Amino acid sequence: MAEHNDFGAWGEERAREYLITHGYTIIEHDTRKGGSEIDLIALKNDRIIFIEVKTRREGSFDPMEAITPKKIRSICRAADNFVRTYNYRQEVQFDIICVVGSSEHDYTIEHLPDAFYPPLG
């Protein structure tokens, strides 16, 4: 696996740990639906939550810059496909988690619940 893939997997693992300690139940990770990937899917408070994880090294560009309108459409398309395929009835929420750092003891997590809503149309 390429180094950037390993680093991204490391960040997703930190995000999973964070969510679990905050009462989320992880039901899927690295799920492909409708030609797009969803990093994490969780349940909490009668909501199904689709989470995009962005991992960056300290000093690199802001991870939020990678959340483009195209990326949002892709996540929403995959989420819609997942909800329809498995007939979920819960309210849908889209979160972003940014993991910045590079080692087990030197990283920060920023969690943005309800980070965006599906675009109209």
Side-chain angles (χ1 to χ4, degrees):
M1 186 180 282
E3 182 181 337
H4 72 278
N5 290 338
D6 290 340
F7 187 60
W10 172 82
E12 285 184 22
E13 182 59 30
R14 302 297 71 76
R16 266 194 302 277
E17 292 167 357
Y18 169 87
L19 290 167
I20 290 167
T21 62
H22 285 83
Y24 292 74
T25 301
I26 306 297
I27 59 170
E28 294 272 342
H29 66 91
D30 295 328
T31 300
R32 295 196 72 76
K33 286 288 179 202
S36 298
E37 182 184 45
I38 301 170
D39 293 331
L40 298 170
I41 305 172
L43 297 172
K44 185 175 182 184
N45 298 332
D46 204 32
R47 285 184 170 196
I48 184 166
I49 305 160
F50 297 91
I51 302 129
E52 177 68 11
V53 179
K54 291 298 176 191
T55 307
R56 298 291 182 262
R57 296 189 192 286
E58 190 67 45
S60 63
F61 72 93
D62 180 359
M64 290 301 294
E65 291 178 13
I67 309 296
T68 64
K70 181 179 178 181
K71 183 66 173 173
I72 289 171
R73 285 191 302 275
S74 175
I75 293 166
C76 292
R77 187 172 37 255
D80 182 62
N81 190 293
F82 185 89
V83 167
R84 290 174 188 268
T85 298
Y86 298 106
N87 201 30
Y88 275 91
R89 299 281 184 216
Q90 289 94 336
E91 186 175 343
V92 173
Q93 178 176 315
F94 296 94
D95 291 8
I96 298 171
I97 292 183
C98 299
V99 180
V100 178
S102 59
S103 73
E104 290 298 319
H105 306 291
D106 187 25
Y107 66 91
T108 60
I109 292 181
E110 182 179 4
H111 181 198
L112 303 164
D114 268 330
F116 59 86
Y117 297 100
L120 298 175

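Remember, it's a predicted structure, so these values are computed and weren't measured experimentally.
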Can you tell me how far apart CG (D30) and CG (L40) are? Round to the nearest 0.5 Å. 7.5 Å
OG-NZ distance between S36 and K70, expressed to the nearest 0.5 angstrom: 9.5 Å
If you compare all heavy atoms of F7 against all heavy atoms of G101, which two are closest, and at what distance to 0.1 Å? CZ-O, 3.1 Å
Option from I97, I96, I41 for which side-chain contact (heavy atoms from CB on, under 4.5 Å) with I51 holds: I97
T21 side chain near E17 side chain, heavy-atom distance below 4.5 Å: no
Y117 and I72 have their tightest heavy-atom pair at O-CG2, 4.4 Å
As an exercise, state the distance from CG of L112 to CZ of F94, rounded to the nearest 0.5 Å. 15.0 Å
Beyond-backbone contact of H111 with L19, side-chain heavy atoms, under 4.5 angstrom: yes
Roughly how far, to the nearest 0.5 Å, is CD1 of I48 from CZ of R89? 12.0 Å
Would you check if C76 and P119 make a side-chain contact, meaning some heavy-atom pair closer than 4.5 Å? yes
Less than 4.5 Å apart, side chain to side chain, heavy atoms only: is that true for T31 and F50? no
Rounded distance [0.5 Å steps], CD in Q93 versus CZ in F116: 10.5 Å
Side chains of D95 and K44, heavy atoms from C-beta outward: is any pair under 4.5 Å? no
Apply side chain to side chain contact (heavy atoms under 4.5 Å, CB included) to the pair Y88 and I27, showing each step before the final yes or no. CA-CA 12 Å; Y88 275 91; I27 59 170; 3.3 Å; yes
Side chains of V99 and W10, heavy atoms from C-beta outward: is any pair under 4.5 Å? yes
Looking at side-chain heavy atoms only, is the closest gap between L43 and Q90 below 4.5 Å? yes
Could you check whether any side-chain heavy atom of K54 comes within less than 4.5 Å of a side-chain heavy atom of E52, counting everything from C-beta outward? yes
d(D80 CG, R73 CZ) to nearest 0.5 Å is 15.0 Å
F82 vs Y86 aromatic rings, parallel, tilted or perpendicular, using cut-offs 30° and 60°? tilted
